[in-house]
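These notes concern the structure reproduced below.
Every chain is numbered from 1, with letters handed out A, B, ... down the list of sequences.
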2 protein chains.
Amino acid sequence: MGPTMHDVARVAGVSIKTVSNVINDYPHVRPGTRDRVIEAIEQLDYRPNLSARGLRSGRTGVIGLAVPSLRENYFAELADSVIRAAEARGLGVIVEQTGGQRDKELLAVSTSRPRFLDGLLFSPVSLGQEDAGALAIDGPLVLLGERIFDGPTDHVTMHNMSSAQAAVQHLLEIGRRRIALVGADLNGIDETSSASLRLKGYMRALEEAGIEMDPALVRTTEMSRWNRAGGAEAAHLLVRDGVEFDAVFALSDTLGLGVLRALGEENLRVPDDVAVIGFDNIDESNYSVPSMTTVDPGREEIAVLAVDRLIERISEKTADRRPPETVKPEFRIVKRESTGFPTIEGE
Amino acid sequence: MGPTMHDVARVAGVSIKTVSNVINDYPHVRPGTRDRVIEAIEQLDYRPNLSARGLRSGRTGVIGLAVPSLRENYFAELADSVIRAAEARGLGVIVEQTGGQRDKELLAVSTSRPRFLDGLLFSPVSLGQEDAGALAIDGPLVLLGERIFDGPTDHVTMHNMSSAQAAVQHLLEIGRRRIALVGADLNGIDETSSASLRLKGYMRALEEAGIEMDPALVRTTEMSRWNRAGGAEAAHLLVRDGVEFDAVFALSDTLGLGVLRALGEENLRVPDDVAVIGFDNIDESNYSVPSMTTVDPGREEIAVLAVDRLIERISEKTADRRPPETVKPEFRIVKRESTGFPTIEGE
DNA sequence: GTGAAAGCGCTAACAT
DNA sequence: ATGTTAGCGCTTTCAC
């Protein structure tokens, strides 16, 4: 067991309170005293016991991040951003994987969370609007994604609809008219899924361009197959169904990467025969053959916004509680080879 | 502030000790008493305060995992495996990213770690053999990777040399003779890098086949460019230098994926003109065009072995301390399209 | 500006 | 089989 505050106090010839003051940057400490304490800390290699601090102060300095899986690139990159944002603010991050399973998601916001985490960033994929009530947990909670709106907590989401609209506009601008959509929701349009919101953006863009939507171009994909295999399958089916198309809007980058693979196998050239745009801007989409145009929803900023919201909630006094707030970062279209633009290194 | 053991004890009509006994599965509790306590726990939605437990018992139930970055697929997938292994054993995981920077790696095993984590899994890339001394920290530590051998801690690594040898043998078996290697160490062979160990395996396989190594086929890549861009660059240079080759052994999958991209741009067909094998078996290598043959170093088992070693060390009494131990899982070659085998779904 | 002391919620030694 | 109790190392209120 390492040295304690008492040890430091003894070596520095002060009381434990003074040591505490120095460690917590309490301003009214005489410089000389402060120096003696710091010296003692270094001499003993003293480090505060966070369990004790946590017990006393009610804060552990650790937040949770609950995501479906780190094997999904988007969430691995989101975790990277969250961990860096949290570290910059002196917080550690415990990563929990829900596997996108409803029971594990419910667990993440309930019992599984003993009094330990200062707060939780939670990105559900199975819970929906009807579960908003389950979010009324005791600790600070910030929601990520678009499964639940108007819940009792802060919410960081993205411009799903307008960015999807912009994506389709980009395809229209390069002259495409038969634009397939890959990854639509099986249940049609419910307000709360990324897929539905992005589909709405697609429809809006077509409508503005005066193009009638062809249902044969809209391909559904089970949520569990929102990956390369699912994208490949959808593209193969498009071809084998004999549907004519000159562009694909994939509702996620991994779907898009699968589409690229399948189009290659079908001997269709990208972007000459078919242009492709994805959604998420994961690192990988810059390195596919060809590199893939995509929507950058502002992942990095989502992480920063979320961590900052959470910190605010953690330090907020119960009395002057602000009402829950929903924020979204700006998005941008990253143009690459799959829509006829050269790849920009490092983009 | 939630209910405490005292509250539970009061509701159940027992003493706090009995509550503690029930929670910690102490065997000698009368069934009826146990039931009353469990009922009270549920009624109050009581959850133990881990800070208090940690303070008292010296255990927090949280371990650390320090990796370069979750944006590198291999480490994201490793983190996934570690988190699942740890969860199965009731431990949480705080993920730290070192960015592969020497100073942050040193920090990970020193001051940055206040008395909080029960133990640390550490995958260094900048620290080397000469830093073995820095690992003599107080808490349990298990090392991952191959930067440091014979250090003072347990070490989970992989069969770098023999698996690399097997990779090259696979290329030889399909009739390739001019096998390029992408990703060699700039500093030539030092014992402690994955690159060097895998290069040795390459040389051994060639030697056994009676093929003389052609230095023009061995391409070096800076550690910081062990990614798709670095792999692509190396492949482009191979072609532009006019080197003849019919296969590439990429020392990592991301290098290999870059190689695939570059070969496509150079109008070389894979595997007809050039066969490609990677190393790591990240999910992505199964979805490239073409899908990529690779070495599966046993990542999943590495995680389990590491977590189990760490748990043993955590619960070990200082007295009967076992000497440090080095373990490696089995590897296997996953054959895919890039060496002429059909992709197997889900492989 | 600094010290003394209480107590956060829990575990475990000891008592019954 | 269960109860009593003393801390674990820290923060914080209250003195001085």
Side-chain angles (χ1 to χ4, degrees), chain A residues 1-38 40-41 44-62 113-118 138-139 314-315 317, chain B residues 1-38 40-41 44-62 113-118 138-139 314-315 317:
Chain A
M1 187 127 298
T4 74
M5 271 193 167
H6 283 103
D7 300 322
V8 175
R10 191 165 15 78
V11 170
V14 297
S15 89
I16 174 180
K17 174 66 190 343
T18 304
V19 177
S20 175
N21 283 342
V22 170
I23 287 172
N24 296 294
D25 290 324
Y26 180 72
H28 306 297
V29 180
R30 223 182 313 239
T33 314
R34 178 184 304 275
D35 293 344
R36 284 213 315 287
V37 170
I38 290 174
I41 288 175
L44 295 171
D45 189 26
Y46 165 81
R47 281 163 289 164
N49 179 318
L50 296 193
S51 288
R53 176 179 290 174
L55 175 57
R56 182 62 238 224
S57 67
R59 303 266 182 81
T60 57
V62 178
R113 214 159 70 79
R115 270 160 244 318
F116 182 72
L117 299 176
D118 288 347
D138 37 346
I314 290 170
S315 44
K317 285 168 191 45
Chain B
M1 189 126 297
T4 74
M5 271 193 169
H6 283 102
D7 300 323
V8 176
R10 190 161 17 76
V11 170
V14 298
S15 88
I16 173 179
K17 175 66 192 339
T18 304
V19 178
S20 175
N21 284 341
V22 170
I23 287 173
N24 296 295
D25 290 323
Y26 180 71
H28 307 296
V29 180
R30 222 183 315 237
T33 314
R34 180 185 302 275
D35 293 344
R36 286 214 313 290
V37 170
I38 289 174
I41 287 174
L44 295 170
D45 189 27
Y46 164 80
R47 281 164 288 164
N49 179 318
L50 296 193
S51 290
R53 177 180 289 175
L55 175 57
R56 182 61 237 222
S57 68
R59 302 270 180 79
T60 57
V62 178
R113 213 161 69 81
R115 271 162 245 314
F116 181 72
L117 299 176
D118 287 347
D138 36 346
I314 290 169
S315 44
K317 285 169 190 44

*Flag side-chain contact, heavy atom, 4.5 Å: I23(A) against R53(A)*: yes
*Counting just side-chain N and O atoms, does R30(B) come under 4.0 Å of either OP1 or OP2 of dA1(D)?*
no
*From the options dG9(C), dT2(C), dT4(D), select the nucleotide whose nearest atom is closest to the side chain of S15(B).*
dT4(D)
*asked:* If I take atom CG in residue D35(A) and atom P in nucleotide dG1(C), what distance separates them, rounded to the nearest angstrom?
replied: 15 Å
*dC10(C) C1' sits how many Å from I23(B) CD1, rounded?*
9 Å
*Under 4.5 Å between any side-chain heavy atoms of N49(A) and F116(B), yes or no?*
no
*To the nearest Å, give me how far apart CZ (F116(B)) and C1' (dG9(D)) are.*
14 Å
*For L44(A) and dG9(D), what is the distance between atoms CG and C1' respectively, to the nearest whole Å?*
15 Å
*Side chains of H6(A) and V8(A): does their closest heavy-atom pair fall under 4.5 Å?*
no
*Of the nucleotides dA4(C), dG9(D), dC10(D), which has the atom closest to the M5(A) side chain?*
dC10(D)
*Nearest-nucleotide pick for Y26(A), side chain only, options being dT2(C), dG9(C), dG9(D)*: dT2(C)
*Which nucleotide in dA12(C), dT2(C), dC8(C) has an atom nearest any side-chain atom of R56(B)*: dA12(C)
*Rounded to the nearest angstrom, tell me the gap between atom CG in D7(A) and atom P in dC10(D).*
9 Å
*Would you mind telling me which of dC8(C), dT2(D), dT11(D) lies closest to the side-chain atoms of I16(A)?*
dT11(D)
*asked:* Looking only at the side chain of N24(B) (C-beta and beyond, no hydrogens), which of the listed nucleotides dT11(C), dC10(D), dT2(D) gets closest?
replied: dT11(C)
*Does the side chain of T60(A) reach to within under 4.5 Å of the side chain of L117(A), using non-hydrogen atoms?*
no
*Ignoring backbone atoms, test whether T4(A) places a side-chain nitrogen or oxygen under 4.0 Å from the OP1 or OP2 oxygen of dG9(D).*
no
*Given dG1(C), is OP1 or OP2 found less than 4.0 Å from the side-chain N or O atoms of T18(A)?*
no
_Taking any heavy-atom pair under 4.0 Å as a contact, classify S20(A): base, sugar-phosphate, or nothing._
base
*Which of the following nucleotides, dC10(C), dT13(D), dT4(D), is nearest to the side chain of K17(A)?*
dT13(D)
_When you measure from the side-chain N and O atoms of Y46(B) to the phosphate of dC10(C), is any distance below 4.0 Å, counting only OP1 and OP2?_
yes
_Residue whose closest nucleotide on DNA chain D lies nearer the 5' end, L55(B) versus H6(B)_ = H6(B)
*R59(B) CZ - dC10(C) P separation (whole Å)*: 18 Å
*Can you tell me the distance, in whole Å, between the CG atom of N21(B) and the P atom of dC10(C)?*
14 Å
*Rounded to whole angstrom units, what separation is found between the CZ atom of R10(A) and the P atom of dG3(C)?*
14 Å
_List the residues meeting side chain to side chain contact (heavy atoms under 4.5 Å, CB included) with R59(B), not counting sequence neighbours, and say none if there are none._
S57(B), D118(B), I314(B), S315(B)
